[in-house]
Amino acid sequence: MNAILQTALGDDASPGFPGILFGRSHDGFPVALVGDNAFAMVPGTNGRHYLAMGWRIARPLDEWTRSDFYGHSGELADEAAFRARVEENALHQRQRTALGRREVSSQAHTPWGTSQGATVHADGVAFHSTASHGGFHLSPERNAKVHPLLRTGNAWYEEDCHWAAVAHAFPELFTDFEKASADTTIRNWYPAAWEEIHGKVLESGQSSTKDEREFYKRHADHWIAVSAIRSNHEPGFTEVVATLGGDRAGTRGTRRYLVPSEEYGTNGGRFGFIIDEARHRLYDGSSSFVGWQGRETQ
């Protein structure tokens, strides 16, 4: 166990393994230690705070500094939210330990290259890591139990999104945190599968992929920005390349517009900036895009 945890005393230390130790950094922001994992509530701009991570910081908490941490793991509303995230991670680590996953050597061929090692969750369920990526591989028997809308033919499930299909099929092999993450992933990336699994229709704001599809369906006949650059020729304006419906191939036409830079920066929209033909000027002047030939097609 980490030496700092072994000497932790008082109300800010929690029992169990891994325990939690809360404190203040050298700079005065909230920090916490869970096993080898370090957490910080780092101040950002405009009074905001976000969660940052560290690993095996071999010094007392009050000597930690901002340079010990990396990454941006989401915004935090307040210190109570920070503590909740840390406690969630501690529970995740305890449950993961209880699951008894095994690390094994492997040189198996994967869709992402040669495996550099695998974590066996259970017979027929293994997660492989490679130099560039990773994912789960299931035995034929295990793969047959994955929901048909999420199942792959080759029984490989990449680590960014598709891993969630494995967690959904075998919830007993995953922690509460992993199961919640899997449900969120399926809802966002595989909304049709989520709706069939739960027998519910996802409303606006509940699935990023479904919302994006609805956005482009609603604006199929609008000019939508697909590229933009601050204009070197028109001060205060952003030069925008737009296509009908946001089609990046431009098969239905491509135009350039000038949009006030302040407006473009603040009203970019979640999925794309929609041109207002009544206000935004169609532009055919000198371009700031390298290689632009000055062709607009209707």
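Scope of the values below: all heavy atoms of this structure, side chains included, with no hydrogens, waters or symmetry mates. Small disclaimer: the values here were computed from a predicted structure and weren't measured. In this chain, numbering begins with 1 at the start of the sequence shown.
- A salt bridge links Asp211 with Arg270: the distance from a Lys NZ or Arg NE/NH1/NH2 to an Asp or Glu carboxylate oxygen falls below 4.0 Å.
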Is there a side-chain contact (heavy atoms from CB on, under 4.5 Å) between Phe82 and Glu87? Walk through the geometry before answering. CA-CA 9 Å; Phe82 170 69; Glu87 290 164 359; over 6 Å; no

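- For the pair Asp78 (side chain) and Ala80 (backbone), a donor-acceptor distance under 3.5 Å is present.
- From Trp189, atom CH2 reaches atom CG of Leu150 across 14.5 Å, with rounding to the nearest 0.5 Å.
- In terms of heavy atoms, Tyr283 sits closest to Ser286 at OH-O, 2.6 Å.
- Taking the ring centre of Phe22 as origin, the terminal cationic atom of Arg83 falls inside the region bounded by 6.0 Å and 45° from the ring axis.
- No more than 12 heavy atoms of other residues, nucleotides or ligands lie within 6.0 Å of CZ in Arg230, so this atom counts as exposed by the packing criterion.
- Taking CG of Asn37 as the start and CG of Asn89 as the end, the distance is 5.5 Å to the nearest 0.5 Å.
- Judged by the 6.0 Å and 45° rule, Arg102 forms no cation-pi pair with Phe127.
- Aromatic rings of His162 and Phe136 (six-membered ring for Trp) have centroids beyond the 6.0 Å cut-off, not under it.
- Asp68 contributes atom CG, which lies 13.5 Å from atom CE of Met53 (distance to the nearest 0.5 angstrom).
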Just do the salt bridge (charged side-chain N to carboxylate O under 4.0 Å, His left out) check on Arg281 and Glu234 with the steps written out, would you? CA-CA 12 Å; Arg281 175 159 49 108; Glu234 299 284 342; 3.8 Å; yes

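- Residue Arg66 places its CZ atom among more than 12 non-hydrogen atoms of other residues, nucleotides or ligands, all under 6.0 Å distant.
- The existence of a salt bridge linking Glu203 and Lys210 is excluded, since no basic side-chain nitrogen approaches an acidic carboxylate oxygen closer than 4.0 Å.
- Classified by interplanar angle (parallel below 30°, tilted 30° to 60°, perpendicular above 60°), the ring pair Trp223/Tyr257 is tilted.
- Between His72 and Tyr50, the angle of the ring planes stays under 30°, which puts this pair in the parallel group of the 30/60° scheme.
- Under a 4.0 Å N-O distance rule, the pair Arg142/Asp123 does not qualify as a salt bridge.
- To the nearest 0.5 angstrom, His168 atom NE2 is 5.5 Å from Ile186 atom CD1.
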Show your reasoning for whether side-chain contact (heavy atoms from CB on, under 4.5 Å) applies to His121 and Thr119. CA-CA 6 Å; His121 289 234; Thr119 302; 4.0 Å; yes

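- Here the two rings, on Trp64 and Phe69, have centers that are under 6.0 Å apart.
- Between Phe273 and His280, the angle of the ring planes lies from 30° to 60°, which puts this pair in the tilted group.
- A distance of 7.0 Å separates CZ in Arg256 from CG in Asp284, rounded to the nearest 0.5 Å.
- The pair Arg94-Glu88 fails the salt-bridge criterion, with no side-chain N (NZ, NE, NH1 or NH2) lying under 4.0 Å from an Asp/Glu carboxylate O.
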Apply side-chain hydrogen bond (donor to acceptor under 3.5 Å, both in side chains) to residues Ser261 and Thr238 and explain how you reach the verdict. CA-CA 5 Å; Ser261 293; Thr238 291; 2.9 Å; yes

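- Annotation: Gln107, atom CD; neighbour count of heavy atoms from other residues, nucleotides and ligands within 6.0 Å does not exceed 12.
- In this structure, the separation between OH on Tyr264 and CG on Leu258 is 13.0 Å, given to the nearest 0.5 Å.
- By the criterion of side-chain heavy atoms lying less than 4.5 angstrom apart, applied directly or through intervening Ile, Leu, Val, Met, Phe, Trp or Tyr residues, Val166 is not grouped with Leu149; the two fall into different hydrophobic clusters.
- Partners of Trp112 according to the ring pair (Phe, Tyr, Trp, His ring centres under 6.0 Å) rule, which considers only residues two or more places apart in sequence or in another chain, are His133, Trp156.
- In summary, Glu212 and Lys217 do not engage in a salt bridge, as defined by a charged side-chain N under 4.0 Å from a carboxylate O.
- Checked for salt-bridge contact, Asp247 and Arg252 miss the test: no charged N lies under 4.0 Å from a carboxylate O.
- Note on Glu178 versus Arg101: salt bridge recorded, some NZ/NE/NH1/NH2 to OD/OE distance being below 4.0 Å.
- Here Glu277 pairs with Arg255 in a salt bridge; the nearest charged N to carboxylate O distance falls below 4.0 Å.
- Checked against the 6.0 Å centroid criterion, the rings of Phe271 and His219 do not qualify as a close aromatic pair.
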May I have the step-by-step check of side-chain contact (heavy atoms from CB on, under 4.5 Å) for Glu214 and Ser204, ending in yes or no? CA-CA 9 Å; Glu214 291 298 321; Ser204 176; over 6 Å; no

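- Residues Leu99 and Val120 do not share a hydrophobic cluster, defined by chaining ILVMFWY side chains whose heavy atoms lie under 4.5 Å apart.
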Test side-chain contact (heavy atoms from CB on, under 4.5 Å) on Ile224 and Leu244; report intermediate values, then the result. CA-CA 6 Å; Ile224 301 175; Leu244 271 178; over 6 Å; no

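- Under a cut-off of 6.0 angstrom, the local environment of CZ in Phe215 is crowded, with over 12 non-hydrogen atoms contributed by other residues, nucleotides or ligands.
- Between Glu195 and Lys200 there is no salt bridge, since no side-chain nitrogen of the basic residue lies less than 4.0 Å from a carboxylate oxygen of the acidic one.
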Full working for salt bridge (charged side-chain N to carboxylate O under 4.0 Å, His left out) between Arg85 and Glu79: CA-CA 10 Å; Arg85 291 287 298 274; Glu79 192 165 344; over 6 Å; no

From CA spacing to verdict: side-chain hydrogen bond (donor to acceptor under 3.5 Å, both in side chains), Thr65, Ser67: CA-CA 5 Å; Thr65 66; Ser67 62; 2.9 Å; yes

